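Every value quoted in this text rests on a predicted model; they were computed, and no experiment measured them.
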Amino acid sequence: MSGGGKVIAVNRKARHDYSVDETYECGIELLGTEIKSFRDGKISFPDAWAEVVDREVWLRSLKIAENPFSSIFNHDPDRKKKLLLHRDEIKRITRKTEDKGYTLIPLSFYFKKGRVKVELGLCKGKKQYDKRADIRERDIKRDVSREFRRSLR
């Protein structure tokens, strides 16, 4: 996450299942009742992804719970949301996603200066042996730091 702000949600599974090559901070076009649900933290995005359609980036499979106090003016929880990026970033993302194996995954949602921001990752899927190697490296780092702390005592 770039910049300070209140973190709404983090997709920890994405960093486990994908290797993140680049990250982009982008805005998201929301309705008023969706903002209220974001403030309450009532979102779900375990399998969310983004795609580029007609030089626009759209976020899919993001579930935003309906606000119970909005009566008839509620939003559709499953609608696709438009992400706000610069034209040059969209061109760069389009070129990368046309390559084999790259996809756009939302890594986190947070507030920055009162606006909802999305950290979008340009990711490539990991194989099972890559995941095991990452776990092994993390365990080795933890053991080394533990031994270092013991030697300081």
Side-chain angles (χ1 to χ4, degrees), residues 1-53 56-70 74-86 88-97 99-146 149:
M1 179 179 84
S2 57
K6 179 186 172 199
V7 176
I8 301 166
V10 177
N11 191 353
R12 290 182 284 149
K13 187 177 177 187
R15 298 222 185 245
H16 182 262
D17 291 341
Y18 300 94
S19 62
V20 180
D21 290 350
E22 297 177 29
T23 59
Y24 298 95
E25 179 185 69
C26 50
I28 183 169
E29 194 174 272
L30 296 172
L31 302 174
T33 56
E34 290 175 331
I35 291 289
K36 291 178 182 180
S37 295
F38 261 96
R39 291 200 188 283
D40 293 339
K42 296 184 178 176
I43 63 168
S44 175
F45 62 106
D47 54 349
W49 53 282
E51 65 179 345
V52 180
V53 178
E56 293 179 337
V57 182
W58 294 90
L59 187 60
R60 302 286 185 124
S61 298
L62 171 66
K63 306 269 191 280
I64 302 175
E66 290 184 352
N67 192 339
F69 303 109
S70 296
N74 247 328
H75 60 275
D76 177 23
D78 297 327
R79 77 175 185 90
K80 60 183 184 175
K81 284 85 176 162
K82 184 177 178 181
L83 297 179
L84 307 172
L85 288 156
H86 291 285
D88 295 336
E89 290 176 330
I90 294 174
K91 285 180 185 176
R92 194 174 321 126
I93 287 172
T94 304
R95 280 194 299 268
K96 288 281 194 169
T97 55
D99 291 347
K100 186 178 178 186
Y102 280 103
T103 186
L104 293 169
I105 305 291
L107 302 174
S108 65
F109 291 89
Y110 54 94
F111 284 108
K112 184 176 182 182
K113 296 183 182 175
R115 304 195 188 272
V116 177
K117 299 290 182 177
V118 180
E119 184 181 18
L120 195 65
L122 187 65
C123 305
K124 198 168 200 171
K126 285 185 185 177
K127 303 285 185 206
Q128 187 65 34
Y129 57 84
D130 291 335
K131 294 177 190 179
R132 284 194 294 260
D134 287 346
I135 292 169
R136 192 176 311 117
E137 287 175 18
R138 192 172 58 228
D139 290 343
I140 289 171
K141 260 187 192 177
R142 189 181 311 124
D143 291 341
V144 167
S145 65
R146 193 176 292 149
R149 281 195 308 261

Visitor: For a side chain to side chain contact (heavy atoms under 4.5 Å, CB included) check, start with the C-alpha distance between L104 and W49, then their side-chain angles and the critical distance, and finish with the verdict.
Guide: CA-CA 6 Å; L104 293 169; W49 53 282; over 6 Å; no

Visitor: Rounded to the nearest 0.5 Å, how far does NZ of K13 lie from CD1 of I105?
Guide: 10.5 Å

Visitor: Any heavy-atom pair between the side chains of E66 and T33 that's under 4.5 Å?
Guide: no

Visitor: What distance do S19 atom OG and K127 atom NZ have between them, rounded to the nearest 0.5 Å?
Guide: 11.0 Å

Visitor: Are any of the side-chain heavy atoms of I28 and L62 separated by less than 4.5 Å?
Guide: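 Contact flag for I28/L62 side chains = yes.
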
Visitor: Quick one: closest heavy-atom pair of C26 and L84, and the distance?
Guide: CB-O, 3.2 Å

Visitor: Compare all side-chain heavy atoms of N11 with those of E119 and state whether any distance is below 4.5 angstrom.
Guide: no

Visitor: Taking all non-hydrogen atoms of both residues, which atom of S37 and which atom of A65 are closest, and how far apart?
Guide: OG-O, 2.6 Å

Visitor: Please set out all donor-acceptor pairs under 3.5 angstrom arising from side-chain atoms of residues 88-96, sequence neighbours excluded.
Guide:
| residue | atom | partner | partner atom | Å |
| --- | --- | --- | --- | --- |
| E89 | OE1 | H86 | N | 3.3 |
| T94 | OG1 | I90 | O | 2.7 |

Visitor: When you look at H16 and I135, which way does the side chain to side chain contact (heavy atoms under 4.5 Å, CB included) test go after all the steps?
Guide: CA-CA 9 Å; H16 182 262; I135 292 169; 4.2 Å; yes

Visitor: As a quick check of understanding, evaluate side chain to side chain contact (heavy atoms under 4.5 Å, CB included) for I64 and L30, giving each step before the final call.
Guide: CA-CA 10 Å; I64 302 175; L30 296 172; 4.1 Å; yes

Visitor: Counting only heavy atoms not in F38, do more than 12 fall under 6.0 Å of its CZ?
Guide: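 Correct, the count exceeds 12.
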
Visitor: How many angstroms lie between NZ in K81 and CH2 in W58, if you round to the nearest 0.5 Å?
Guide: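 Between atom NZ of K81 and atom CH2 of W58 there are 10.5 Å.
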
Visitor: Got a sec, which pairs hit salt bridge (Lys or Arg N to Asp or Glu O under 4.0 Å) with one end in residues 30-47, sequence neighbours left out?
Guide: E34-R79

Visitor: Got a sec, which residues hit side chain to side chain donor-acceptor pair (under 3.5 Å) with R142, two or more places apart in sequence or on another chain?
Guide: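 Here the qualifying residues are D139.
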
Visitor: How long is the gap from OG1 on T103 to CD on E51, to the nearest 0.5 Å?
Guide: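 The CD atom of E51 is 9.5 Å from OG1 of T103, to the nearest 0.5 Å.
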
Visitor: What distance do K82 atom NZ and L85 atom CG have between them, rounded to the nearest 0.5 Å?
Guide: 10.5 Å

Visitor: For side chain to side chain donor-acceptor pair (under 3.5 Å), just list the numbers for E25 and Y110, CA-CA rounded to whole Å, side-chain angles, deciding distance to a tenth of an Å, and then say yes or no.
Guide: CA-CA 10 Å; E25 179 185 69; Y110 54 94; 2.6 Å; yes

Visitor: Can you list the residues that meet the side chain to side chain contact (heavy atoms under 4.5 Å, CB included) rule with V144, with sequence neighbours excluded?
Guide: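 V144: side chain to side chain contact (heavy atoms under 4.5 Å, CB included) contacts with I140.
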
Visitor: Report the C-alpha separation of D21 and Y102 in whole Å, then their side-chain angles, then the decisive distance to 0.1 Å, and conclude whether the side chain to side chain contact (heavy atoms under 4.5 Å, CB included) test is met.
Guide: CA-CA 9 Å; D21 290 350; Y102 280 103; 2.7 Å; yes

Visitor: Sequence neighbours excluded, which residues qualify as side chain to side chain donor-acceptor pair (under 3.5 Å) partners of E29?
Guide: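 With sequence neighbours excluded, E29 shows a side chain to side chain donor-acceptor pair (under 3.5 Å) to no residue whatsoever.
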
Visitor: Name all residues meeting the side chain to side chain contact (heavy atoms under 4.5 Å, CB included) criterion together with A9; count only those two or more places apart in sequence or in a different chain, and write none if there are none.
Guide: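 Once residues adjacent in sequence are excluded, the partners of A9 under the side chain to side chain contact (heavy atoms under 4.5 Å, CB included) criterion are I43, F45.
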
Visitor: Atom SG in C123, atom CG in D17: separation rounded to 0.5 Å?
Guide: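 Answer rounded to 0.5 Å: 10.0 Å.
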
Visitor: Compare every heavy atom of V118 with every heavy atom of P106, then report the nearest pair and how far apart it is.
Guide: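 Heavy-atom minimum between the residues: CB-CG1, 4.0 Å.
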
